[in-house]
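As structure tokens, the structure follows; a few thoughts come after it.
Just so you know, these numbers come straight off a predicted model, no measurement behind them. To find a chain, count down the sequence lines: A is the first, B the second, and so on, and within it residues start at 1. Computed from heavy atoms alone, side chains included, the values below leave out hydrogens, waters and symmetry copies.
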2 protein chains.
Amino acid sequence: MIILMIRNDYSKTTTLKVKFMTNIKDLAKMANVSVSTVSRVLNNHPYVKEEKRLAVLEAIKKCNYQQNINAVHLSKGKTQLVGVVLPFTDLPYFGQLLKGIANQALEHNYKLIIFQTNYIESRELEALQMLKQKQIDSLIICSRTCNLALIQEYLSYGPIVLCEKVEDTHLAATFVNHYQTFMKALDYLYEKGHRRIGYTLGRKTGTNSHERQSAYADFIKKYQLPNNPDYIITGCYHLEDGAQVVQSIQAMSDPPSALLVTSDQVAAGIVAYCQNQQIAIPDELALIGFDNQPIAKMLGITTIEIPIEEIGKSLFLQAINEEISSIEMEAKLIERGTV
Amino acid sequence: MIILMIRNDYSKTTTLKVKFMTNIKDLAKMANVSVSTVSRVLNNHPYVKEEKRLAVLEAIKKCNYQQNINAVHLSKGKTQLVGVVLPFTDLPYFGQLLKGIANQALEHNYKLIIFQTNYIESRELEALQMLKQKQIDSLIICSRTCNLALIQEYLSYGPIVLCEKVEDTHLAATFVNHYQTFMKALDYLYEKGHRRIGYTLGRKTGTNSHERQSAYADFIKKYQLPNNPDYIITGCYHLEDGAQVVQSIQAMSDPPSALLVTSDQVAAGIVAYCQNQQIAIPDELALIGFDNQPIAKMLGITTIEIPIEEIGKSLFLQAINEEISSIEMEAKLIERGTV
DNA sequence: GTAAATGATGAAACGCGTTTCATGTCAAAC
DNA sequence: GTTTGACATGAAACGCGTTTCATCATTTAC
């Protein structure tokens, strides 16, 4: 039930307020100096006599002055704002990534503006537009659905940083080599005797998914394993998707004996549902998750650790740096009980 | 291991670019109209002859024109930006809240600017400053550590919305009645025969924690139960804090038989650790979580459902509305297997 | 046929800082 | 005693749209 009480009308206050806003010109008058001098004081520039500086400072205090930051932005052509494009804010992976970015932003006195896209291309475009419009100084794209070429068109308006492996471009990026990582995990399962290996993905498209797919393709070619398209299960993002994964496996005549899972969340969902269905892990079904989230530790899920916060940190630093760099982060297999 | 390759220098490009930026004045010249007319076209105002409109539109296309949004902001005194203050971005609760806010922001053509505070007061102050500086039109404070009086000082600069019960003020808010909810849960446990009931909190301070505390105090008074300060365990935010909770309970001579837990995450951590320690749930320890997250469903945790996304939605709507309202959301006990 | 309403359009003011440039002062340098 | 460099300061240009106001052209109304 919702209880609603209307208590006040805000608008009246606003109209009045406007007149009372002091600007730099008023300050100049009050302190008997020029606006230039006020600006110098405001920005801590040298060449202001202590006497005048104090006068300005006093005027500022007296009238509760506050810079209109929009004027500053217009004037400077910079906003100290970095855009962050990410599909969802409620997936732990992106939550942590954002945390890593946010902590650095704080340290460098930048603010973040969030574009939650739900993987809708037009929203990514909006973010790019804002770069062009100079509302943000640079843009971090944590995951995208739009074309790489499109992004490149906007490169001249400010740094754009990606979280995926990009070749031969002027784009900065921090990423893990998902091909290599996935291959390592597959090899590990092979060594452990698995020959029917499946995997789950979030979405079919996207660089990281493609890398995983091509690693898998190379893997089955390498060991001359049969290619079973059923073994690829997409649309797995959340904990609750785990049940569905197990169900679709159960429906197979020749189900996989091991699964490489999108994230630890999904892996946890699988573990839980298997417990429910009395499917023994790892004997009947082996699992490797991704990210090494707390939940993986809790449930003893073998996983691939990805330094998400570190990546976030790196992404941010690239966003505010002129130099374009490409940074690869190392992922690490953490053996626990699900293989 | 990190591989870094410096590929290019961005700065050269920027300096050049500036000269090539077209502005509204240029457009006016190109289309042979006044800047006012260009502005009218840009903003879809009436009273422009189709002929001129087309001329302007063509000029826009021809020179790849893009508004300098900072100039717009300065001129209009609005930014279509809403600030969101939240302590952490990587807690599911806040992730979901943000999702609810973000979805509405999108729908109303607003962007969000995130202030991750880690509960550091100065960062909350920064957000308030940005309201004063007009960088944001309004501010949503999901959780705060600063004084309410401080917030009120900034109220004249724009709407501020809180996510807690506030009395007798000009502050808008959407919240759940944590006192009532907590009491309901306590009563429920009492009915089920529990007399030694403890609870965990994130932090000791904060309105919501206080409400829970005072509900608890009233509860034990009502039933004349002993007041055992050990039964209150603070600092519980994450999954992994669950283990510590169980450990501290195990160390008690007279441990609680039931626990009201901060969040489903923490409850899940407790469940996992209890499984580990072979503590039977609910027989040896009953649990009620909060939020009704997927993990609670997965693990069969009895919990209090809180419509987080709904709250987020409401918070946003309040943020962009002139009217100041106070909206209470209903929480619901969901019985599962941990009581 | 004239008054009134409506449509169109541009000049100029406004929002508000930052930064460059020209000018002036004063002390150290030779 | 004059040159030079460092220190100080203000006027003005600049960044770029939005909006008001005045003006003029058409319609519509009666």
Side-chain angles (χ1 to χ4, degrees), chain A residues 14-15 17-56 59-60 63-80 129-130 132-135 137 157, chain B residues 14-15 17-56 59-60 63-80 129-130 132-135 137 157:
Chain A
T14 14
T15 13
K17 197 189 45 189
V18 177
K19 299 189 214 157
F20 289 30
M21 288 294 272
T22 333
N23 60 27
I24 204 176
K25 225 167 165 177
D26 300 333
L27 285 184
K29 241 175 257 163
M30 288 172 69
N32 243 311
V33 296
S34 70
V35 288
S36 326
T37 301
V38 176
S39 178
R40 287 195 191 95
V41 173
L42 247 26
N43 293 285
N44 260 311
H45 286 171
Y47 303 146
V48 180
K49 263 211 185 119
E50 193 55 22
E51 186 191 326
K52 302 212 172 187
R53 172 186 308 280
L54 290 176
V56 171
I60 288 174
C63 60
N64 191 25
Y65 169 76
Q66 186 77 37
Q67 266 183 323
N68 182 326
I69 205 89
N70 290 132
V72 177
H73 290 164
L74 172 60
S75 191
K76 289 202 170 153
K78 293 255 163 227
T79 56
Q80 295 288 112
Q129 294 285 352
M130 285 184 65
K132 189 174 177 185
Q133 291 182 329
K134 292 163 163 288
Q135 174 145 198
D137 292 344
Y157 303 108
Chain B
T14 15
T15 12
K17 198 187 47 194
V18 178
K19 298 188 209 156
F20 289 31
M21 288 295 271
T22 332
N23 61 25
I24 204 177
K25 227 168 167 177
D26 301 332
L27 285 183
K29 243 177 255 163
M30 289 173 68
N32 243 310
V33 296
S34 71
V35 290
S36 326
T37 301
V38 177
S39 178
R40 286 194 191 96
V41 173
L42 248 26
N43 293 286
N44 262 312
H45 286 172
Y47 304 147
V48 179
K49 266 210 183 119
E50 192 57 19
E51 184 192 326
K52 302 214 173 187
R53 175 187 304 282
L54 291 176
V56 171
I60 288 175
C63 60
N64 190 26
Y65 170 76
Q66 185 77 39
Q67 269 182 323
N68 182 325
I69 204 89
N70 291 130
V72 177
H73 290 165
L74 172 60
S75 191
K76 290 205 169 147
K78 292 255 165 226
T79 56
Q80 295 287 113
Q129 292 285 353
M130 283 184 66
K132 189 172 176 187
Q133 292 183 329
K134 294 162 163 286
Q135 175 146 200
D137 292 345
Y157 304 108

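Side-chain proximity of A/L74 to C/dG10, D/dC16, C/dG17: nearest is D/dC16. The B/S75 side chain lies nearest to D/dG17 when the options are D/dT19, C/dC16, D/dG17. Relative to the side chain of A/V35, the nucleotides D/dA12, C/dG17, D/dT9 differ in distance, and D/dA12 lies closest. When the nucleotides C/dG10, D/dG17, D/dG10 are ranked by their closest atom to the side chain of A/R40, D/dG10 comes out on top. You'll find that the side chain of B/S36 is closest to C/dA12, out of D/dC16, D/dG10, C/dA12. Of the candidate nucleotides D/dG17, D/dT19, C/dT18, D/dT19 has the atom nearest to the side chain of B/K76.
If you take CG of A/D26 and P of C/dC14, they are 13 Å apart, rounded to a whole angstrom. One atom, CG of A/N70, and another, P of C/dT18, lie 13 Å apart when rounded to the nearest Å. What separates NZ of A/K78 from C1' of C/dG17 is a distance of 17 Å, to the nearest Å. Taking atom CD of residue A/Q66 and atom C1' of nucleotide C/dG15, one finds them 16 Å apart after rounding to whole Å. Taking atom CG on A/N32 and atom C1' on D/dG10, their separation rounds to 13 Å, with Å as the unit. Counting to the nearest Å, the P atom of D/dG17 and the CD1 atom of B/I24 are 5 Å from each other. Distance CG (A/N68) to C1' (C/dT18): 13 Å, rounded to an integer number of Å. Whole-Å rounding puts the A/I69 CD1 to C/dT18 C1' distance at 13 Å.
A distance-only check finds no donor-acceptor pair linking the side chain of B/T79 to the backbone of B/H73 [under 3.5 Å]. Although no hydrogens or angles enter the test, the distance criterion places a donor-acceptor pair under 3.5 Å between the side chain of A/N23 and the main chain of A/K25.
Of the residues in residues 42-52 of chain B, those placing a heavy atom less than 4.0 Å from an atom of DNA chain C are B/Y47, B/V48, B/K49, B/K52, in numerical order.
Put simply, NZ on B/K52 and CG on B/N32 are 8.0 Å apart, with the number rounded to the nearest 0.5 Å. Going from atom CD1 of A/I69 over to atom CG of B/L74 covers 12.0 Å, rounded to the nearest 0.5 Å. Atom CG of A/N68 sits about 12.0 Å away from atom OG1 of A/T22, to the nearest 0.5 Å.
Within the structure, a side-chain polar atom (N or O) of B/Q67 is placed less than 4.0 Å from OP1 or OP2 of D/dT18. Between B/S34 and C/dT9 there is no side-chain polar atom (N or O) within less than 4.0 angstrom of OP1 or OP2. For the pair A/S39 and C/dT18, the criterion of a side-chain N or O lying under 4.0 Å from OP1 or OP2 is met.
When side chains are defined from C-beta on, B/Y65 counts as touching B/L42, because their heavy atoms get closer than 4.5 Å.
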Q.
Using side-chain contact (heavy atoms from CB on, under 4.5 Å), reason through B/N44 and B/R53 one step at a time and then give a plain yes or no.
A. CA-CA 10 Å; B/N44 262 312; B/R53 175 187 304 282; 4.0 Å; yes

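Mapping B/V33 and B/A71 onto DNA chain C by nearest heavy atom places B/V33 at the nucleotide closer to the 5' end.
Note on B/V38: nothing from the nucleic acid sits closer than 4.0 angstrom, heavy atoms only.
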